[in-house]
Amino acid sequence: MILQTGRQTNAILVVAAGLVLLVSPSSSLSEEPSLALGQLPNVPIPSHNLQFNSKVELGKLLFFDPRLSKDGSVSCASCHVPAAGFADPRQFSLGVGGKQGGRNAPPAMNAAYNHLQFWDGRAGSLEEQALGPIQNPIEMAETLNGVVTKLSRVKVYQARFQAVFGEDVSADGIAKAIAAFERTLIGVPQTGPLQEDVGRYAVTKREADRRAFKTPSLRSVALTAPYMHTGGFKTLEEVVEFYNSGGEAVPGKDAFMSALNLTDQEKKDLVEFMNGLTGELTNMAPPKLP
């Protein structure tokens, strides 16, 4: 979704579409078309990773398994909590040894609809994204070889990888299985340890992308607090007030990002609208790990 920073007559739509502040009018993280409100389209499935139940079940095990981390303390579900809309209720996500990341983990729910993954869009697919946190020294702090070695010692994983992929445990299989499971889930002021978070600029090196961040889905947004890539806002009311005041005065801020001057009732209506986008909560208990 591309944030369009319109004028006051479109104020409510602007705020509803922009829970992340994109400070450059020419930057975007996808070429996703503008769709009317309604039923979500079918989740896109890549031809190289077709979806079937045994693969999804394997991916679910891996998603909840802390053995993917170096010390066995952190799983994907540690930062993508099912009861929180597969988001992280903490402002900043914590990795192995309590190391604090510089951003709030984006929701895994509806991530299958994103053309690019991570806040800065550095991963082009769920498969690519799945392997990133495993190798990140602040997150799971493991190596792909280390994870493959550990899982290869587990007879249940040996059997499941053979059944699903016809081969032994592999990093490619791990990525495909986690991605298959995730496909079933249907300028902000800088805070925290990063002195400056340049956003998508770190990926593209384009000045137009400096401090540009992916706009998350509004579906079930009431469940995914805190908000923004920094996790700096605890409530939707705080988000609305932030946009209503015109956002933060930061370099590169969109020229059309100005105070909206919404009335108290309009702000309440906007929050109620976003609350009304909450779908049925997925009640997902962690599986019994092998």
Side-chain angles (χ1 to χ4, degrees), residues 43 45-90 93-99 101 105-112 117-118 123 125-186 223 280-290:
V43 171
I45 306 296
S47 59
H48 64 84
N49 190 18
L50 298 180
Q51 201 93 342
F52 47 89
N53 288 340
S54 58
K55 185 187 291 184
V56 170
E57 287 301 314
L58 173 58
K60 182 178 180 179
L61 288 176
L62 294 169
F63 189 88
F64 283 91
D65 198 331
R67 279 175 285 203
L68 270 61
S69 65
K70 185 175 183 64
D71 65 356
S73 65
V74 176
S75 70
C76 301
S78 297
C79 297
H80 301 283
V81 184
F86 287 88
D88 195 337
R90 301 166 296 192
S93 300
L94 301 180
V96 166
K99 292 181 180 178
M109 183 184 293
N110 301 313
Q117 306 296 332
F118 294 113
S125 67
L126 283 176
E127 287 78 8
E128 183 181 351
Q129 182 278 330
L131 298 180
I134 294 174
Q135 305 168 85
N136 190 312
I138 299 178
E139 297 181 56
M140 292 181 170
E142 193 36 296
T143 65
L144 296 182
N145 287 337
V147 169
V148 169
T149 298
K150 284 190 287 188
L151 298 185
S152 296
R153 299 191 187 115
V154 182
K155 291 184 178 180
V156 172
Y157 278 131
Q158 293 175 9
R160 283 182 177 257
F161 272 83
Q162 284 292 341
V164 171
F165 299 107
E167 62 182 30
D168 293 335
V169 178
S170 68
D172 182 65
I174 292 170
K176 287 180 176 178
I178 292 177
F181 168 68
E182 290 181 328
R183 288 191 175 100
T184 67
L185 306 175
I186 300 306
L223 302 178
E280 184 176 348
L281 181 62
T282 302
N283 185 16
M284 182 176 293
K288 184 177 180 180
L289 299 175

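If you read the sequence from its start, that first residue is 1, and numbering goes on from there.
- Atom CD1 of residue Ile174 and atom CG of residue Leu131 lie 7.0 Å apart, to the nearest 0.5 angstrom.
- Here the side chains of Pro82 and Phe64 are in contact, with some heavy-atom distance below 4.5 Å.
- The two atoms that bring Ala177 and Phe165 nearest to each other are N-CZ, 4.2 Å, heavy atoms only.
- Atoms CG and CD1, on Leu94 and Ile138 in that order, are 11.0 Å from each other to the nearest 0.5 Å.
- Here the shortest heavy-atom pairing between Leu289 and Arg67 reads CB-NH2, 4.0 Å.
- Put simply, the residue from Glu139, Lys60, Met140, Glu182 that forms a side-chain contact (heavy atoms from CB on, under 4.5 Å) with Cys76 is Met140.
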side-chain contact (heavy atoms from CB on, under 4.5 Å) evaluation trace for Phe52 with Val164:
CA-CA 9 Å; Phe52 47 89; Val164 171; 4.0 Å; yes
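- Within the 3.5 Å criterion, the main-chain N or O of Ala111 finds a donor-acceptor partner in the side chain of Gln117.
- The nearest pair of heavy atoms linking Asn49 to Ala180 is ND2-N, 4.2 Å.
- Considering only heavy atoms from C-beta on, Leu151 comes within 4.5 Å of Leu62 through its side chain.
- For the pair Leu61 and Phe181, the minimum side-chain heavy-atom distance is 4.5 Å or more.
- Nearest heavy atoms, Asp71 versus Gly97: OD2-N, 4.1 Å.
- With hydrogens and angles disregarded, a donor-acceptor distance shorter than 3.5 Å links the side chain of Lys150 to the backbone of Ser69.
- Looking only at side-chain heavy atoms (C-beta outward), Val56 and Gln51 come within less than 4.5 Å of each other.
- Taken to the nearest 0.5 Å, the CD atom of Gln135 stands 8.0 Å off from the OG1 atom of Thr143.
- Judged by distance alone, the side chain of His80 and the main-chain N or O of Ser75 form no donor-acceptor pair under 3.5 Å.
- A distance-only check finds no donor-acceptor pair linking the side chain of Glu127 to the backbone of Lys176 [under 3.5 Å].
- Atom NZ of Lys55 is surrounded by more than 12 heavy atoms from other residues, nucleotides or ligands within 6.0 Å.
- A donor-acceptor pair under 3.5 Å is formed between the side chain of Ser93 and the backbone N or O of Ala105.
- Val169 and Val148 get closest at one heavy-atom pair: O-CG1, 3.4 Å.
- Closest approach of Arg183 and Val43 over heavy atoms only: O-CG2, 3.7 Å.
- Ring-plane geometry between Phe161 and Tyr157 is classed as perpendicular, the angle between the planes exceeding 60 degrees on a 0 to 90 degree scale with a lower cut at 30.
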